[in-house]
Amino acid sequence: MQESFIDSGVLFRQHQFDLPLNYSEKDGTRITVFAREVVELSKADANLPWLVYFQGGPGFPSPRPDSKSGWLKRALQDHRVLLLDQRGTGMSSPLTHQTLSHMDDAKQVEYISQFRADNIVRDAEAIREALGAEKWSILGQSFGGFCSLTYLSFYPQSLHRVYITGGVPSLTRHADDVYRATYQRVLDKNKAFFDQFPSAQRRSAEIAEFLRTRDVKLPNGQTFTVEQFQQIGINLGRSGANLPMYYLLEEAFTETAQGKVLSVSFLQAMLTEQSYQTNPIYAFLHEPIYNQGEASVWSAHRIRNAEYAEFNYEPGKPFLFTGEMVYPWMFDQMQNLLPLKQAAESLATKSDWPALYDVEKLAENTVPVTCAVYADDMYVEMDYSRETLKGIPNSRAWITNEYEHNGLRADGERILSKLMDMGEQIGNLPS
């Protein structure tokens, strides 16, 4: 593909970097990391400061944006933006069931273990040096915010400003604490949805019972189960999700000569929802993004069964959707995850994960950090975010219930503008 293109007065320039898979083995396996530079054409030759975007996930590429909308519109006013496809995503040596298929289980574990925030940040540092940027600012959405605090922990000297939206993690808590909090948030979102659409409760239970008593296949031939259906509740944490969810349920069934069946369009939508099939990093590492010298041991699964058993469907009881949790049964049911089951089990019990944050260094922070913290966030617990920010000097939080977790996508121009203004108020402090 071409190295650059212009759209609506904006220059897009592609970059590829040859980097180590494991930074402690620099003569070992290499990967390609892709990043897209975006700058207004009229400013392409200007000495603009860089702003690097870290996507949420883990396991998803940077957006392929419209050149004049959302947060990017605001960023391009005074920055040269770098959209980073984090390692294993998009065009950065994508990690899929296909790329892992030639490895045995042990090699799969060794390989997958290199795709957490610590190495994403090492990649960014190598790219900064390659581009000749003395310092740059970073914007992290959701998991991208986790990466931002890892960056601030280990390379604060490389950062001018840090902006985080919906992604201030706990620095020390076990994944069990995270899921205890987020399951409660998911209960809240279920209540809000079913209060708005009482008939959706009946329809959801009808679909679940249909799946429980029949062998229903998705378009890829995979058996569709109640547990898989529950997982579409991940959408309830995003603004404007309730009405599309209702419409989807409303049209779930169709009449045939053999009777009522789940429609082809509904089943296709259910398969499309299973991003784990094409982006297995999310399934593998969603719990290890919290691990530092400890194992998760299928945290969400354990906490659900021990403390939130109401999420386990039973006929005659209220139906509940789940959230963004991952479960061991996914590697027994989802077609593209089946050959990766043993690696998933090994990663769930792996305890020698390195540290992701340096609490002591963060306690001495001098880099302005401004964050949008969403009061009703279903994915990142507000109380834990506030707990973290108390230990980071020169950090400020805009705590708001105006937005859900996807606020940056919903109203990015306003949100980034506010965070930038807040960062200017903190000012540049001497390092």
Colleague: Students often mix this up, so state it plainly: with edges at 30° and 60°, are the rings of Tyr151 and Tyr155 parallel, tilted or perpendicular?
Modeller: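 The rings of Tyr151 and Tyr155 stand perpendicular, inter-plane angle above 60°.
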
Colleague: Starting at NE2 of His79, measure out to CG of Leu416 and round the result to the nearest 0.5 Å.
Modeller: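 The CG atom of Leu416 is 8.0 Å from NE2 of His79, to the nearest 0.5 Å.
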
Colleague: With a 4.5 Å heavy-atom cut-off, do Phe17 and Leu131 have their side chains touching?
Modeller: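 When only atoms from C-beta onward are counted, Leu131 and Phe17 do touch, with a gap below 4.5 Å.
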
Colleague: Does any N or O in the side chain of Gln292 come within less than 3.5 Å of the main-chain N or O of Leu171, such that one atom is a donor and the other an acceptor?
Modeller: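 Judged by distance alone, yes, a pair lies under 3.5 Å.
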
Colleague: State whether the side chain of Ser204 and the backbone N or O of Gln201 hold a donor-acceptor pair below 3.5 Å, judged by distance alone.
Modeller: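 Such a contact is absent between Ser204 side chain and Gln201 backbone.
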
Colleague: State whether the number of non-hydrogen atoms from other residues, nucleotides or ligands found under 6.0 Å of Glu134 atom CD is greater than 12.
Modeller: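 Open.
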
Colleague: Of the non-hydrogen atoms in Ala208 and Val226, which two are nearest, and what is the gap between them?
Modeller: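 Where Ala208 meets Val226 most closely, the heavy atoms are O-CG2, 3.3 Å.
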
Colleague: Strictly below 4.0 Å, N to O, side chains only: are Glu424 and Arg161 in salt-bridge contact?
Modeller: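 Salt bridge flag = yes for Arg161 with Glu424.
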
Colleague: Walk me through it: do Gln222 and Gln274 pass the test side-chain contact (heavy atoms from CB on, under 4.5 Å)?
Modeller: CA-CA 12 Å; Gln222 170 186 308; Gln274 295 183 4; 3.1 Å; yes

Colleague: Atom CD of residue position Gln157 - does it have more than 12 heavy atoms of other residues, nucleotides or ligands inside 6.0 Å?
Modeller: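 Yes - once you tally the heavy atoms of other residues, nucleotides and ligands closer than 6.0 Å, there are more than 12.
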
Colleague: Quick one: are Val264 and Phe266 in side-chain contact, heavy atoms under 4.5 Å?
Modeller: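 No, side chains not in contact.
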
Colleague: Give, for atom CE of Met334 and atom OH of Tyr327, the distance between the pair rounded to the nearest 0.5 Å.
Modeller: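 That separation rounds to 11.0 Å.
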
Colleague: Quick one: does any side-chain atom of Arg87 pair with a main-chain N or O of Leu21 as donor and acceptor, under 3.5 Å?
Modeller: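 Between the backbone of Leu21 and the side chain of Arg87 there is a qualifying donor-acceptor contact (under 3.5 Å).
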
Colleague: Would you indicate whether the side-chain heavy atoms of Ile234 and Thr322 approach each other to under 4.5 Å?
Modeller: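 No, their side chains stay 4.5 Å or more apart.
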
Colleague: Is there a donor-acceptor contact under 3.5 Å from the side chain of Lys189 to the main chain of Gln184?
Modeller: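 No, the answer is negative, given that no donor and acceptor are paired below the 3.5 Å cut-off.
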
Colleague: Out of curiosity, Asp78 CG to Lys43 NZ, how far, rounded to the nearest 0.5 Å?
Modeller: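 Reported to 0.5 Å precision, the distance equals 6.5 Å.
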
Colleague: Test your reading of the model: is there a side-chain donor-acceptor pair from Ser395 to the backbone of Leu389, 3.5 Å cut-off?
Modeller: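 Side chain of Ser395 to backbone of Leu389, a donor-acceptor pair under 3.5 Å: yes, one is there.
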
Colleague: Dump the intermediate steps for salt bridge (charged side-chain N to carboxylate O under 4.0 Å, His left out) on Lys350 and Asp352, then the final yes or no.
Modeller: CA-CA 6 Å; Lys350 177 180 168 66; Asp352 58 345; 2.8 Å; yes

Colleague: Suppose the criterion is ring-ring contact (aromatic ring centres under 6.0 Å, His included): which pairs have a residue in residues 380-413, not counting sequence neighbours?
Modeller: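 Residue pairs passing ring-ring contact (aromatic ring centres under 6.0 Å, His included), neighbours aside: Tyr379-His405.
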
Colleague: Do the rings of Tyr282 and His286 sit parallel, tilted or perpendicular, given the 30° and 60° boundaries?
Modeller: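 Correct class here is tilted.
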
Colleague: Any non-hydrogen side-chain atom of Tyr276 less than 4.5 Å from a side-chain atom of Gln231?
Modeller: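 Yes. Closest side-chain heavy atoms under 4.5 Å.
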
Colleague: Please check: side-chain N/O of Gln14 versus main-chain N/O of Glu3, any donor-acceptor pairing under 3.5 Å?
Modeller: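 Present.
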
Colleague: Would a distance-only check, ignoring hydrogens and angles, find a side-chain to backbone donor-acceptor pair under 3.5 Å from Thr400 to Tyr374?
Modeller: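 Pair absent, no side-chain N/O of Thr400 close to backbone of Tyr374.
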
Colleague: I'd like to know if the side chain of Gln333 pairs up with that of Thr223 as donor and acceptor (distance under 3.5 Å, no hydrogens or angles considered).
Modeller: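 On atom types as modelled, these side chains do not qualify, holding no pair under 3.5 Å.
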
Colleague: Ignoring hydrogens and geometry, is there a side-chain-to-backbone donor-acceptor pair from Thr370 to Arg396 under 3.5 Å?
Modeller: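 Checked: no pair found.
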
Colleague: Between Phe319 and Phe321, is the gap from one ring center to the other below 6.0 Å?
Modeller: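 They qualify: ring centres under 6.0 Å apart.
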
Colleague: Can you list the steps and then say if Glu125 with Arg122 is a salt bridge (charged side-chain N to carboxylate O under 4.0 Å, His left out)?
Modeller: CA-CA 5 Å; Glu125 264 298 275; Arg122 290 186 179 103; over 6 Å; no

Colleague: How about Glu37 and His15: does a side-chain donor come under 3.5 Å of a side-chain acceptor?
Modeller: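 Judged by distance alone, the side chains do pair up.
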
Colleague: If I compare all heavy atoms of Pro368 with all of Gly423, which pair ends up nearest, and what's the gap?
Modeller: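 Taking Pro368 first and Gly423 second, the nearest heavy atoms are CB-O, 4.1 Å.
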
Colleague: Is a side-chain donor or acceptor of Ser346 paired with a backbone partner of Gln342 at a separation under 3.5 angstrom?
Modeller: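 Yes: the side chain of Ser346 pairs with the backbone of Gln342.
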
Colleague: Under the criterion side chain to side chain donor-acceptor pair (under 3.5 Å), which of His301, Arg302, Glu287 is the partner of Ser296?
Modeller: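 One option only clears the test, and that one is Glu287.
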
Colleague: Does Glu364 come within less than 4.0 Å of Lys361, counting only side-chain N to carboxylate O?
Modeller: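 Judged by the 4.0 Å cut-off on N to carboxylate O distance, Glu364 and Lys361 do not form a salt bridge.
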
Colleague: Go through the steps for Asn22 and Asn119 under the test side-chain contact (heavy atoms from CB on, under 4.5 Å), then give the verdict.
Modeller: CA-CA 8 Å; Asn22 184 338; Asn119 281 327; 5.8 Å; no

Colleague: With side-chain contact (heavy atoms from CB on, under 4.5 Å) as the test, would you mind laying out the steps for Thr150 and Ser148 before giving the verdict?
Modeller: CA-CA 5 Å; Thr150 300; Ser148 298; over 6 Å; no

Colleague: Would you say the side chain of Asp177 lies within less than 4.5 Å of the side chain of Ser170, judging by non-hydrogen atoms?
Modeller: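 No - every pair of side-chain heavy atoms lies 4.5 Å or more apart.
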
Colleague: Could you give me the CA-CA distance, side-chain angles and deciding distance for Glu310 and Arg304, then say whether salt bridge (charged side-chain N to carboxylate O under 4.0 Å, His left out) is met?
Modeller: CA-CA 8 Å; Glu310 59 264 49; Arg304 172 177 173 168; over 6 Å; no

Colleague: Using the side chain to side chain donor-acceptor pair (under 3.5 Å) definition, which of the options Arg173, Arg185, Arg386, Arg180 pairs with Glu381?
Modeller: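 Output: one option passes, namely Arg185.
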
Colleague: Please tell me if the side chains of Pro328 and Glu345 come closer than 4.5 Å, counting only heavy atoms from C-beta onward.
Modeller: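 Yes - at least one pair of side-chain heavy atoms lies under 4.5 Å apart.
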
Colleague: Under 3.5 Å, is there a donor-acceptor pair between the Asn235 and Arg238 side chains?
Modeller: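 Result is yes, a qualifying pair exists.
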
Colleague: With rounding to the nearest 0.5 Å, note down the distance linking CD in Gln86 to CZ in Phe34.
Modeller: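 With rounding to 0.5 Å, CD (Gln86) is 14.0 Å from CZ (Phe34).
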
Colleague: Heavy atoms, side chains only, cut-off 4.5 Å: are Ile232 and Phe229 in contact?
Modeller: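 With C-beta onward as the side chain, the pair touches.
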
Colleague: Between Phe284 and Phe331, is the ring centre distance below 6.0 Å?
Modeller: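 Judged by ring-centre distance (under 6.0 Å), Phe284 and Phe331 do meet the cut-off.
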
Colleague: Nearest 0.5 Å, please: how far is CG in Leu408 from CD in Gln141?
Modeller: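 Those atoms lie 5.5 Å apart.
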
Colleague: Under a 4.0 Å threshold between the charged nitrogen and the carboxylate oxygen, would Glu250 count as salt-bridged to Arg203?
Modeller: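 Here Arg203 does not pair with Glu250 in a salt bridge, since their nearest N and O are not under 4.0 Å apart.
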
Colleague: Which donor-acceptor pairs under 3.5 Å do side chains of residues 48-62 form with protein atoms, sequence neighbours excluded?
Modeller:
residue, atom, partner, partner atom, Å
Tyr53, OH, Gln55, OE1, 3.0
Gln55, NE2, Pro61, O, 3.1

Colleague: Could you tell me the separation between the CG atom of Asp383 and the OG1 atom of Thr388, rounded to the nearest 0.5 Å?
Modeller: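 Answer rounded to 0.5 Å: 11.0 Å.
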
Colleague: Is it true that Asp85 and Arg64 make a salt bridge, defined as a side-chain N closer than 4.0 Å to a carboxylate O?
Modeller: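 Yes, this pair counts.
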
Colleague: Using the side-chain contact (heavy atoms from CB on, under 4.5 Å) rule, take Lys135 and Leu159 through it: C-alpha gap first, then chi angles, then the decisive distance, then the call.
Modeller: CA-CA 5 Å; Lys135 289 188 177 186; Leu159 301 176; over 6 Å; no

Colleague: Determine whether the aromatic ring centres of residues Phe115 and Tyr111 are separated by less than 6.0 angstrom.
Modeller: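 Tyr111 vs Phe115: aromatic centres under 6.0 Å.
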
Colleague: Under the 3.5 angstrom rule, does the side chain of Asn312 hit a backbone N or O of Asn305 as a donor-acceptor pair?
Modeller: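 It does not hold such a pair.
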
Colleague: Is it the case that atom NZ in Lys191 sees more than 12 heavy atoms from other parts of the structure closer than 6.0 Å?
Modeller: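 Not buried by this count: 12 neighbours or fewer within 6.0 Å.
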
Colleague: Heavy-atom distance under 4.5 Å between the side chains of Val380 and Asp377, does that happen here?
Modeller: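 Yes - at least one pair of side-chain heavy atoms lies under 4.5 Å apart.
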
Colleague: Tell me whether Lys73 at atom NZ has more than 12 heavy atoms from other residues, nucleotides or ligands lying less than 6.0 Å away.
Modeller: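 Incorrect, the count does not exceed 12.
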
Colleague: Ignoring hydrogens, what is the shortest heavy-atom contact between Ile6 and Leu11? Give both atom names and the distance.
Modeller: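 It is CG1-CD1, 4.1 Å.
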
